[in-house]
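Below, read A as the first sequence line, B as the second, and so on, with proteins coming before strands; counting in each chain starts at 1.
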Number of protein chains: 2
Amino acid sequence: MASHHSQPELKKNQKLVFDVLKDAANPLSAYSILDLLRGEGFRAPLQVYRALDKLVEFGLVHKLETLNAFVACSHDDCALSEPAAFMICDACESVSELGDASLSSHLGKLANTENFALKHTTVELHGRCKNCL
Amino acid sequence: MASHHSQPELKKNQKLVFDVLKDAANPLSAYSILDLLRGEGFRAPLQVYRALDKLVEFGLVHKLETLNAFVACSHDDCALSEPAAFMICDACESVSELGDASLSSHLGKLANTENFALKHTTVELHGRCKNCL
DNA sequence: TCAAAAATGTTATGTTATTACATATCAATT
DNA sequence: AATTGATATGTAATAACATAACATTTTTGA
């Protein structure tokens, strides 16, 4: 039976990767995920990268470009409105995902000004979180 | 003799790498730079990465995190005020560097709101430039 | 000149990601 | 149930990006 939600049911490997990311306190690299899933039969990086590609496409997982690592989406569903920004603590590696509409709008206007057809935005803020000052 | 400018004189390898980036139409990967400088005696990636580290520190070069590539700063000097954003055309790979003060200010406020001590921002916008629509 | 610091050279290795190709699973139709 | 086509998975090899460790040279400044 098909889900009544907007997301398709996850396949076996997608589910395994997603669950690892959901349980993680911090972002994980693809190779960390691979190691965590060796017990489930994972043998090769591609098994992880293929699952990640789909999860990112579904908006369930985001890639942090400045860390080469991945996090589960902290919202119910980011498929429609991509997150505005990530704040990444360089001390504890915690990440918070921000959905700031006015930032998104600002970036959209900036692109319009330059006649740039905006497809995707990457905003990553590094520093110290309130617990690590 | 020391320079009267805020930047130190560039060392031999730094100058070679910087000049390659200045002349490039598009961002270059470290390994592309290495290949372009083999004729000047470069043999190993570290020669490039070490020069890039310094050039980035001086604000003369920026790393594009979403491309794993580097560009020469399009301003005279970004050492003091880091660039607000990069617009990257996925078709022609052209990059334009934007110094949008209100964006920087917006990001600063966002961090303040969360009691986050902001150190560095990465903003990269992907899409199609006006010439590639 | 001398010592400390910075820059460079070189080899090896570590880390991240993709190509290429084979096989399996699933869903829709005949 | 068999056929087909699309999607997902398995596996090996390799490409692409980046750093560790150590030796040597150059630069800087006391």
Show me the side-chain donor-acceptor pairs of residues 41-49 of chain A shorter than 3.5 Å, one per line, residues at least two apart or across chains.
unit_1	atom_1	unit_2	atom_2	d
A:Gln47	OE1	A:Arg43	N	2.6
A:Gln47	OE1	A:Ala44	N	3.0

Can you list the steps and then say if B:Ser74 with B:Glu97 is a side chain to side chain donor-acceptor pair (under 3.5 Å)? CA-CA 7 Å; B:Ser74 56; B:Glu97 183 182 336; 3.1 Å; yes
Residues in side chain to side chain donor-acceptor pair (under 3.5 Å) contact with A:Ser96, at least two apart in sequence or another chain: none
Quick note, B:Lys11 side chain, CB onward, closest among C:dG9, D:dA18, D:dT28 is D:dT28
Whole Å only: how far is the CZ atom of B:Phe58 from the P atom of C:dA6? 11 Å
Between CG of B:Leu67 and P of D:dA16 the distance, given in whole Å, is 15 Å
Taken in chain and number order and not counting sequence neighbours, the residues that satisfy salt bridge (charged side-chain N to carboxylate O under 4.0 Å, His left out) with A:Lys15 are A:Asp19
Take the protein atom NZ of B:Lys15 and the nucleotide atom C1' of C:dA7, then report the distance between them rounded to whole Å. 17 Å
Return the value, rounded to whole Å, for the distance between atom CG of A:Leu55 and atom P of D:dA8. 11 Å
N or O in side chain of B:Asn68 less than 4.0 angstrom from C:dA17 OP1/OP2: no
Contact check, residues 25-50 of chain B vs DNA chain C, heavy-atom distance under 4.0 Å, returns B:Arg43, B:Ala44, B:Leu46, B:Gln47, B:Arg50
Distance-only criterion, 3.5 Å: show the donor-acceptor pairs between side-chain atoms of residues 98-105 of chain A and protein atoms not counting sequence neighbours.
unit_1	atom_1	unit_2	atom_2	d
A:Asp100	OD1	A:Ser102	N	2.9
A:Asp100	OD1	A:Ser102	OG	2.9
A:Asp100	OD1	A:Leu103	N	2.6
A:Ser102	OG	B:His106	NE2	3.1
A:Ser104	OG	A:Asp100	O	3.3

Report the distance from atom CD of B:Gln14 to atom P of D:dT27, rounded to the nearest whole Å. 12 Å
What is the separation between atom NZ on B:Lys12 and atom C1' on D:dT25, rounded to the nearest whole Å? 12 Å
Residues in salt bridge (charged side-chain N to carboxylate O under 4.0 Å, His left out) with B:Lys63, at least two apart? none
Rounded to whole angstrom units, what separation is found between the CG atom of B:Asn13 and the P atom of C:dA6? 17 Å
How long is the line joining NZ of B:Lys54 and C1' of C:dA7, in whole Å? 9 Å
